[in-house]
Amino acid sequence: MKNNSRIKSILQSLNHYLIFFLIIAFVITCCIMLFVTILQNTMGIKFTEDQISAAAKLTFLNVLGFSAIFTLLDGIRRRFIVIRPIRRIIQAAEKLSKGDFSVRVPRVHGIIGEDMFNQIGDCFNQLAQELSGVETLRTDFVANVSHELKTPLAVMQNYGTMLQAPELPEEQRLEYAKAITDACRRLANLITNILKLNKLENQQIYPIAAEYDLSEQICECLLQFEEAWEKKNINIETDMEDGVRITSDAELLSHVWNNLFSNAIKFTEPGGTVSVSLKNTDHHLIVKVSDTGCGMSPEVGAHIFDKFYQGDTSHSTQGNGLGLALVKRVVDIMRGEICVESETGKGSTFMVKLRRS
Ligand code: ADP
């Protein structure tokens with residue numbers, strides 16, 4: 001079937017070539033005849049009809065023959081210089097479309113136009129690499145979500161079974177019920193965060209910008225954690241300029257402050273300090289959230305904005321590693337910047353730099 005279509009396409013192109021060559025041979029023969037006639041008239045040379053007809057036939061056949069030879073040579077040249085590299089790219093693209101992201105187009109050497117083919121090959125290889133990265137992220141994401149779902153579900157199943165025991169003391173019944181409620185809350189948080197992140201990443205959330213008082217928003221968000229910081233006896237220090245206004249999406253930015261405050265309090269030992277500052281510079285608004293908590297090593301710091309990454313596993317039950325990924329996405333959408341300075345055992349400072357509008 002494949003051979004048949006190949007023969008058909010060769011015959012078709014031969015047909016086109018034949019018509020083309022016949023026209024060219026005819027035109028050149030006419031030109032030569034015209035030239036011979038002019039030569040005859042101007043120089044007074046006499047050619048017989050037979051001589052002219054033989055010359056015309058010879059010219060016609062020569063043009064036809066040479067055209068065929070050169071076309072054949074050009075076909076061979078194109079086969080090696082053009083068709084072979086293109087075929088390699090097509091084969092690689094076919095493999096890629098079937099899900100083989102490891103495929104790469106090899107570089108070509110020693111042919112005319114190698115730069116262009118290598119450029120196309122490099123672009124293709126980059127595309128394949130990006131796609132393979134996305135695929136890894138996707139599979140990692142599914143694995144992480146499944147793992148995060150399994151843990152609270154296992155807790156609920158175990159405590160649920162234990163709750164069924166007859167004559168369970170009241171104290172234990174309450175303890176098991178609390179464990180189930182906590183696991184449910186964790187599950188709900190996880191799903192809310194996944195959905196939020198998914199929406200943010202797929203651009204389904206369009207920031208609704210409106211002017212509002214950022215100082216007030218930060219204070220309100222901070223106050224929501226009053227119970228938590230009092231429980232751990234954490235000192236709160238603030239250095240905020242009053243009445244700093246921003247034109248932005250208040251709801252999205254509140255996720256940023258809530259996550260940063262929640263982490264600062266979570267990772268700070270009882271009796272430590274959490275400081276919040278807001279500065280209004282010429283072009284930007286700078287919010288810093290510092291703590292005297294456990295801090296983090298540079299290796300941990302390099303991954304904290306990755307989805308599901310948890311550097312400090314001792315607090316893993318209090319989060320799901322999505323908080324800072326969400327924060328980063330929001331700050332990116334706002335075309336702002338976020339960075340962290342941290343030292344193990346001394347504490348961390350998160351700095352968010354935002355445009356005023
Ligand atoms: P979670 O808090 O749920 O673990 P996050 O995405 O908010 O997830 O944080 C990711 C990781 O970054 C944490 O597990 C922790 O290792 C590190 N981290 C974040 N904030 C702080 C902080 N203030 N101090 C020390 N480590 C932090």
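Whatever order the structure lists them in is the order used to number ligands and atoms, beginning at 1.
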Self-check item: Over 12 foreign heavy atoms within 6.0 Å of CG, Leu73
Solution: yes
Exercise. Determine, considering heavy atoms only, which of Leu322, Thr344, Asn263 sits nearest to atom 19 (C) of ligand 1.
Key: Asn263
Quiz item: Mind checking whether Ile286 and Val331 sit in one hydrophobic cluster, side chains of I, L, V, M, F, W, Y counted as touching below 4.5 Å?
Solution: no
Quiz item: CD of Gln224: more than 12 outside heavy atoms within 6.0 angstrom?
Solution: yes
Quiz item: Does Asn259 have a heavy atom less than 4.0 Å from any atom of ligand 1?
Solution: no
Self-check item: Numbered atoms of ligand 1 (with element) below 4.0 Å of Tyr309, judged on heavy atoms
Solution: 10 (C), 11 (C)
Quiz item: Where does Asp291 meet ligand 1, judged by heavy-atom distances below 4.0 Å: at the side chain, the backbone, both, or neither?
Solution: side chain
Quiz item: Are the charged groups of Lys178 and Glu175 less than 4.0 angstrom apart, N to O?
Solution: no
Quiz item: Got a sec: does the CD of Glu226 have more than 12 other heavy atoms crowding it under 6.0 Å?
Solution: yes
Exercise. Can you figure out which of Thr349, Asp306, Ile304 has its heavy atom closest to atom 17 (C) of ligand 1?
Key: Ile304
Self-check item: Ligand-side contact atoms (ligand 1) for residue partner Ser348, heavy atom cut-off under 4.0 Å
Solution: 22 (C), 24 (N), 25 (C)
Quiz item: Short list, please: which atoms of ligand 1 are under 4.0 Å from a heavy atom of Gln310?
Solution: 1 (P), 3 (O), 4 (O), 14 (O)
Self-check item: Heavy atom of Lys266, distance to ligand 1 below 4.0 Å
Solution: yes
Quiz item: For Gly321 and ligand 1, does the shortest N/O to N/O distance drop below 3.5 Å?
Solution: yes
Quiz prompt | Contact with ligand 1 for Phe350, non-hydrogen, under 4.0 angstrom | solution = yes
Practice problem: Evaluate whether atom CD of Glu251 has more than 12 neighbouring non-hydrogen atoms of other residues, nucleotides or ligands under 6.0 angstrom away. | Solution: no
Exercise. Check each atom of ligand 1 against the heavy atoms of Leu324 and keep those under 4.0 Å away; list them by number with element.
Key: 5 (P), 6 (O), 7 (O), 9 (O), 12 (O), 19 (C)
Practice problem: Kindly indicate, with the supporting measurements, whether the criterion side-chain contact (heavy atoms from CB on, under 4.5 Å) is fulfilled by Arg356 and Val244. | Solution: CA-CA 9 Å; Arg356 202 169 291 113; Val244 174; 5.8 Å; no
Exercise. Just let me know how Met296 lines up against ligand 1, side chain, backbone, both or neither, with a heavy-atom cut-off below 4.0 Å.
Key: side chain
Quiz item: Does a salt bridge link Arg186 with Glu148, judged by any charged N lying under 4.0 Å from a carboxylate O?
Solution: yes
